[in-house]
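Before any comments, here is the structure.
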Amino acid sequence: MTDTRGPSGRDRTGGPPAVWERAARHLHGLGPGPVLDVGCGTGDWADALARWSGRPVVGVDPAPAAPARAGRADAVLVAGLAQALPLAPGAAAAAWLSRVLHHVDDLAAPATELRRVLAPGAPVLVREAFPEFAHTRAYARFFPEGVRAAHGRPTLAHTLAVFADAGFTPRETVPVEEPFADSCTALAARIRRDGDGMLRCLSDAEFARGTERLRAAAGRERRTGVYEPVTDRIDLLVLA
């Protein structure tokens with residue numbers, strides 16, 4: 001599915017994405033220690049979290065993209081694995097995981113590690129496209145067969161069970177509508193089969209039919225002059 005680990009979706013004022021409005025309330029009044037971004041990749045979310053929250057942020061990734069961040073870093077990135085986080089017990093005030101669950105073979109080890117490095121009561125915020133809701137994703141509207149790309153990924157129910165075994169309790173699970181494209185016309189102009197897992201799994205015929213649906217929607221926009229934004233559903237799971 002779409003790799004939306006970075007905070008690319010902004011509101012119309014250029015501010016933080018909608019998911020931040022839900023996440024921010026869980027990052028108020030935290031104790032000392034950094035926010036931990038597990039699986040930070042390029043560090044885009046880590047930098048954004050540091051700016052928006054005003055708190056120190058440490059991003060952990062097997063291969064953090066430190067060289068490309070010269071002169072623009074707001075967070076510190078370190079090399080490490082979710083199964084062996086390079087922090088002392090109780091050192092982190094909160095943890096953020098954005099679209100990383102499907103990269104981990106066994107969720108139990110990261111859940112146990114998060115319990116170790118987080119202070120008592122510290123929240124874990126998981127931004128994820130759970131497979132139960134794949135039919136609500138942006139591309140599913142035009143490429144419904146693409147939902148099979150989510151098969152085998154950690155479900156919400158499985159994630160809750162694994163984190164419960166590690167000592168976490170769910171606080172809330174909230175679906176968040178994030179901007180995906182300014183319009184069907186804009187989406188049709190940028191469509192690339194190799195750019196998204198929901199598209200890569202399609203047969204040639206399925207991709208052709210979906211592309212035709214998307215182009216038809218773009219054509220209706222041009223005829224009516226009404227251009228509607230395309231949104232994508234992402235879930236925010238909060239545990240503590």
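Just so we're clear, the structure is a prediction, and the values are computed from it rather than from any experiment.
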What side-chain donor-acceptor pairs closer than 3.5 Å can you find for residues 25-41, not counting sequence neighbours?
from	atom 1	to	atom 2	distance (Å)
His26	NE2	Glu172	OE2	2.7
Asp37	OD2	Ala46	N	3.2

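With sequence neighbours excluded, no residue satisfies side chain to side chain donor-acceptor pair (under 3.5 Å) with Asp106. Residues satisfying the side chain to side chain donor-acceptor pair (under 3.5 Å) criterion with Thr136, sequence neighbours excluded, are absent altogether. By the side chain to side chain donor-acceptor pair (under 3.5 Å) test, Gln83 pairs with no residue at all, sequence neighbours left out.
When side chains are defined from C-beta on, Val238 does not count as touching Pro170, because their heavy atoms never get closer than 4.5 Å. Side-chain contact between Leu156 and Leu160 is present, with at least one heavy-atom pair separated by less than 4.5 Å. Looking at Leu101 and Phe130, their side chains come closer than 4.5 Å, going by heavy atoms from C-beta outward.
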- request: Verify side chain to side chain contact (heavy atoms under 4.5 Å, CB included) between Ile234 and Val19, making sure each step is shown before the conclusion.
  value: CA-CA 8 Å; Ile234 298 292; Val19 70; 5.6 Å; no
query: Please walk me through it: do Glu212 and Arg209 pass salt bridge (Lys or Arg N to Asp or Glu O under 4.0 Å)?
result: CA-CA 5 Å; Glu212 186 58 33; Arg209 288 195 297 270; over 6 Å; no
message: For Arg222 and Cys184: C-alpha separation, side-chain torsions, deciding distance, then whether side chain to side chain contact (heavy atoms under 4.5 Å, CB included) applies.
response: CA-CA 10 Å; Arg222 291 191 293 271; Cys184 292; over 6 Å; no
message: Quick one, Arg148 with Glu206, criterion salt bridge (Lys or Arg N to Asp or Glu O under 4.0 Å). Give me CA distance, side-chain angles, the key distance, then yes/no.
response: CA-CA 12 Å; Arg148 64 174 176 263; Glu206 289 168 343; 2.6 Å; yes
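Salt bridge status for Asp204 with Arg193: present, with a side-chain N to carboxylate O gap under 4.0 Å. Look at Arg233 and Glu177 and you find no salt bridge, because none of the NZ, NE, NH1 or NH2 atoms lies under 4.0 Å from a carboxylate O.
Evaluation of the ring pair (Phe, Tyr, Trp, His ring centres under 6.0 Å) test over residues 147-167, restricted to residues two or more places apart or in two chains, returns Phe163-Phe168. Within the structure, the ring pair (Phe, Tyr, Trp, His ring centres under 6.0 Å) test picks out the following pairs touching residues 206-240 (sequence neighbours left out): Phe143-Phe207.
A chain of hydrophobic side-chain contacts below 4.5 Å, direct or via other Ile, Leu, Val, Met, Phe, Trp or Tyr residues, connects Leu85 to Val76. The cluster map of Ile, Leu, Val, Met, Phe, Trp and Tyr, joined by side-chain heavy atoms under 4.5 Å apart, puts Val104 and Val124 in the same cluster.
The environment of Asp105 atom CG is sparse: at most 12 non-hydrogen atoms of other residues, nucleotides or ligands sit within 6.0 angstrom. With a 6.0 Å radius and a threshold of 12 heavy atoms from other residues, nucleotides or ligands, Arg213 has its CZ atom above the threshold.
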